[in-house]
Structure formats: structure tokens, C-alpha cells
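Order of the sequence lines fixes the chain letters, A, B, ..., with proteins taken first and strands second; residue numbering starts at 1 for each chain. A quick note: this is a predicted structure, and the numbers were derived from the prediction, not measured.
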Number of protein chains: 2
Amino acid sequence: MAIRSDGVLKHDRLLHVAMEVFAKKGFHDATVAEICEAAEANIAAVNYHFGGKEQLYAEVWALAFADAHRTYPVDGGLPATAPATQRLRAVIHSLLSRILRHGPHSHAGLILLQEMARPVEGIRQVRRQAIALVRKHLELTVRELLGPKVSDQSVRLCVMSVVNQCLTIGFRGGQKPPSLGEGPFTEQEIDELIEHVHRFSLGGIRAVRRQETALCGAT
Amino acid sequence: MAIRSDGVLKHDRLLHVAMEVFAKKGFHDATVAEICEAAEANIAAVNYHFGGKEQLYAEVWALAFADAHRTYPVDGGLPATAPATQRLRAVIHSLLSRILRHGPHSHAGLILLQEMARPVEGIRQVRRQAIALVRKHLELTVRELLGPKVSDQSVRLCVMSVVNQCLTIGFRGGQKPPSLGEGPFTEQEIDELIEHVHRFSLGGIRAVRRQETALCGAT
DNA sequence: GACTAATTGAAACAACCATTTAAAATATGG
DNA sequence: CCATATTTTAAATGGTTGTTTCAATTAGTC
């Protein structure tokens, strides 16, 4: 006997609803009860279709990141030959958009954020992979901006500075921090944010470069 | 009849044990059971001495921040007349130390971090005050570095960039992120971190300053 | 249209949590 | 040493969680 079509419907429905709920509340705070209710399914639906809350979460994670990479690719569609400053902007744009732009395909950033605050054991590998993908790309870009003489450690630190600026912004779930106002970020504010992080980071990277090349030259 | 001395002992003991547990696990994940067990007290002790988990948390918060401001003051002991670059370094030093140096008096940073990830309602005011204190100081410093012509919004954004760099570093509870190695940060690594964030931030701030003053000049 | 497997539904289950209760134990002041 | 307020203890309470159970229902296939 074949799979019933209404089954896959509920399956998908749960998946998408869970993605929203997990993005908003994180794995631990989200309850299967509220997910099922929002998906108009029975309490037992999650366990029947996915085998448990954690396995549902794993599937959500995979789906969310596939969406994110499609909607906001880290290279922003730029060729690898584009100027490094532009590629840096593209990464920042990608990171911030994933966190702040709340479309139907942009929950990955918030889910990742929730994970950083409270990692879920049993997702470590998937999480590491997802992070590594962005990091790799960012590392290449920053390395190029820093020049050939700069140590790997400095590259890692600069990558950290850029990433950390972007991540922490999303901490209120896309809401502005009290110091910047109230409510969610508008499109214009997001653009301004990208502009600022880009400029600030370029300045920081150049400062690190100057320092290290000066040291090298002195040796 | 006077207060019994063994009472205040247990009270203090619970307070300090709770501070550690809350710093490590956050308010929600920490259970009164484990706090009481670690303090060698009965399950009911928290409710008897503090009236509930949340009120214990409030007292912990107050104590932790008093300790932090004493051990790692935001001005680092520098006079307000010191050069702004040095004062910036002092703030960064203070923020990172509160999060990364795990002494008996440095749980405030981790507690604050846990709060940002999952705020506890009923602490809003205390939290806001604690944050505002650091922010105020940092804003003054950054403002001076940016010069008089730069907009308030740019000041806020730069403050955000500096703070975010520092905060996110502590997200693993003082453990290094996988990209930088394993285990907790050593003293030397913390110093290196401070050095980097300081240099990077100065570069970022200068870049913003250049941009804005150029715009002003063009007008 | 009937048989069968896939899906749904309501209720129950077991584990965990913070909190309460009331009796027992203890230190302090007289 | 006694009386009393303070503190400790163990057990119970009420609520929430994820998961399981099993009967009822449904959709696909012959």
C-alpha cells in the first residue's frame, strides 16, 4: 500500500510550523504541544511523523539551512574574482539578512542563534558543518583583505570580529535593541546596518593589517 | 528572638552557590534542586530563605554586579581625562574580563549573557540599569573618538559593534570557540583578545569618522 | 465496494519542576 | 534549663513536559 497523501501533507505542515516556532523560541522553549496546535495536528503527530522532538528539530535544521543558502548565499551571487571588499559586504549582507529579514525562508539565522545560546546535543555535527561553510568563505575574503603577510591567528580573530558583530544584532529575534529604538528593523535600517558593519569591519581589518605588516617590516 | 547565625550562613551559602550555577546554566536551566544540593541544603531552603527561585535570582544579580563593578570597573581606574583610546581599551578589558576570567567575583558577565539569550521577566529594570551603566560610559568614549561632527546614530552603531564583539566571545561560557582551539582561554589569550578587539575597534571607529567628516565637508 | 495499511485522535503515562506543608530539630534569650 | 522563634527536614502537591498506547478513522489498492 502506498503512502497516503494527507500524511505527507501533515508531515510538511509540521515541518514548516516547527521551523517558525523553533526560530522564535528555540528548541528547549518550544513545546511539541504548541507546534502541533499551530499545525492543527494532534499531540502525537510529532512522534508519529518524526519519531520525537529532537528528530523533528534535526529535519527543521537541515531544511532551514538549505533555504537560507538558497535565499541568501554567502557569496551574494558574486564571482570569486570580485573585489574582496565587495565580497565582504556580501557576506555581511547574507548574515544579517538571514537573521533580520523575516520572510518564509529566513528562519535559519534565528535557529542558529538559538543554538549558539543553548546548543542541542545531538546536532553538533550538523551545526558545525553549517557554521564551517560560512566561516570558510569569510576566512578567504578576510585573508585577501589582510594581505599575505598576516598570521592565521589574526585572520581568525578578524573573522570573529565580523561574525560577532552580525550575530549579536539578531539576539532579540529581529527586534531592535532598546538603544536603537523599538520594534523590528525596517528594510532601510537593515541596509544602514549592513553599511555600518561593512565600513566598521573594513576599518578594523585595515588597522590589523597595518599593524602586522609594520611589525614584519621592522623585523 | 534574634536571627540565628546558622541561618545567615545558609543564606549566604545559597547565594554564592546559586551565583555559580546561574552563571553556568542560566536562570531557566538551573534547578533549585541542584542549587540546594550543591549548597548542602534542603530543597525547601530556597523558598524559605528567598521566597522563590526568581527572588533568589534577583539577589544573585545584584550581588554579582556589585562584585563585577568592583573587580572590573568600566573605566579600569583611569581618570576621565585619560586619552580616549586608552579608555576604550579599559572598557574592552572590563567587558572581556567579566566574561572570560573565572574568578570568584566574575560571574556577572556570564549571568548577563544568559539574560540576553533568554531574558527573565521581572528583572527588566535591574537588567536595564546594569547595561545602561556600561553603555553610558562607552558612548562617551566612542563619541570622543568619533569627533564632534558625527551623528548620534553613528555613535550608537559603533558602540554596538564594540559591545557585540566582546559579548559574543563569551558565548560558550568562557570556553574557546572551535575555531580558536579547545578549552578555556588562558590569561595570555585573553590579553591577545583584548589587544585585537581594541585595535579592530579603533580602526572601525576611525573609518566611520573619516566617512562622516568627509560627507560633512562635502556639504 | 471491501480489505489493508497508513494516519489520526483522546487519554494516559512517566519524568521533571517549583512550591507548599507541617512536623521535627535547633539555636538563642531569659 | 526552659520557652520560643528560627531553621531544617521529608513528603506531598500541582503543573508542565515529551512520549506512549490503542482504538477509531481514513485513504489507497485489489
Side-chain angles (χ1 to χ4, degrees), chain A residues 1-61 111 114-115 117-123, chain B residues 1-22 24-61 111 114-115 118-123:
Chain A
M1 186 170 264
I3 296 174
R4 278 167 51 177
S5 60
D6 59 341
V8 320
L9 284 190
K10 268 276 183 281
H11 183 99
D12 285 10
R13 185 135 185 218
L14 278 168
L15 205 53
H16 285 93
V17 167
M19 190 155 86
E20 282 185 42
V21 177
F22 281 139
K24 192 163 70 177
K25 299 202 165 187
F27 176 78
H28 297 93
D29 283 0
T31 70
V32 308
E34 79 180 302
I35 292 173
C36 291
E37 193 182 3
E40 299 176 36
N42 189 267
I43 305 282
V46 163
N47 288 285
Y48 175 74
H49 285 286
F50 300 91
K53 187 186 181 186
E54 203 159 288
Q55 292 160 70
L56 165 61
Y57 186 62
E59 289 208 28
V60 164
W61 184 280
I111 291 178
Q114 303 270 9
E115 268 288 318
R118 280 213 311 168
V120 173
E121 300 304 322
I123 307 283
Chain B
M1 193 169 262
I3 296 174
R4 279 167 51 177
S5 59
D6 58 342
V8 321
L9 285 190
K10 269 273 182 280
H11 183 98
D12 285 9
R13 185 136 185 216
L14 278 169
L15 204 53
H16 284 93
V17 167
M19 190 156 84
E20 283 185 40
V21 177
F22 281 140
K24 192 163 70 177
K25 300 201 166 189
F27 176 79
H28 297 93
D29 284 1
T31 69
V32 308
E34 76 179 304
I35 291 173
C36 290
E37 193 183 4
E40 300 176 36
N42 189 269
I43 306 282
V46 163
N47 287 285
Y48 175 74
H49 285 286
F50 300 90
K53 187 185 181 185
E54 203 160 287
Q55 292 160 71
L56 166 61
Y57 187 63
E59 290 208 27
V60 164
W61 183 280
I111 292 179
Q114 303 271 9
E115 268 288 319
R118 274 202 324 158
V120 173
E121 301 303 322
I123 306 283

Under 4.0 Å: is that the gap between some side-chain N or O of B:His49 and OP1 or OP2 of D:dT8?
yes
Just how far, in rounded Å, is P of C:dC17 from CG of B:Leu56?
16 Å
Whole-Å distance between C:dT7 P and A:Phe50 CZ?
12 Å
With sequence neighbours excluded, what pairs up with A:Phe50 under the ring-ring contact (aromatic ring centres under 6.0 Å, His included) test?
A:His11
Specify the separation, in whole Å, of atom CD of B:Glu54 and atom C1' of C:dC17.
15 Å
Give the rounded distance in Å between these two atoms: NE2 of A:His11 and P of C:dT8.
11 Å
Atom CG of B:Leu9 to atom P of D:dT6: distance rounded to whole Å?
17 Å
Within residues 39-46 of chain A, which residues have any heavy atom lying less than 4.0 Å from an atom of DNA chain C?
A:Asn42, A:Ala44
From CG (A:Asp29) to CZ (B:Arg118), nearest 0.5 Å
4.0 Å
Return the value, rounded to whole Å, for the distance between atom OH of B:Tyr48 and atom C1' of C:dA18.
19 Å
Just distance, no hydrogens or angles: give the donor-acceptor pairs under 3.5 Å from side chains in residues 52-60 of chain B, sequence neighbours left out.
unit_1, atom_1, unit_2, atom_2, d
B:Lys53, NZ, B:Phe27, O, 2.9
B:Lys53, NZ, B:Ala30, O, 2.7
B:Gln55, NE2, B:Gly51, O, 3.2
B:Tyr57, OH, B:Glu115, OE2, 2.7

Rounded to the nearest 0.5 Å, what separates atom CD1 in A:Ile35 from atom CD1 in A:Ile43?
10.5 Å
How long is the line joining CD of B:Glu34 and C1' of C:dC16, in whole Å?
13 Å
For DNA chain D, find the residues of residues 18-28 of chain A with a heavy-atom distance under 4.0 Å and give them by number; none if there aren't any.
none
Test side chain to side chain contact (heavy atoms under 4.5 Å, CB included) on A:His28 and A:Val120 and set out the steps.
CA-CA 8 Å; A:His28 297 93; A:Val120 173; 4.0 Å; yes
Could you give the side-chain donor-acceptor pairs of residues 16-25 of chain A under 3.5 Å, partners two or more places apart or in another chain?
unit_1, atom_1, unit_2, atom_2, d
A:His16, ND1, A:Asp12, O, 2.9
A:Lys25, NZ, A:Glu34, OE1, 3.3

Can you list every side chain to side chain donor-acceptor pair (under 3.5 Å) pair that touches residues 35-48 of chain B, not counting sequence neighbours?
B:Arg13-B:Glu40
Proximal nucleotide (of D:dT8, C:dA6, D:dT19) relative to the A:Lys53 side chain:
D:dT19
Between D:dG18 (P) and A:Asn47 (CG): distance, integer Å:
10 Å
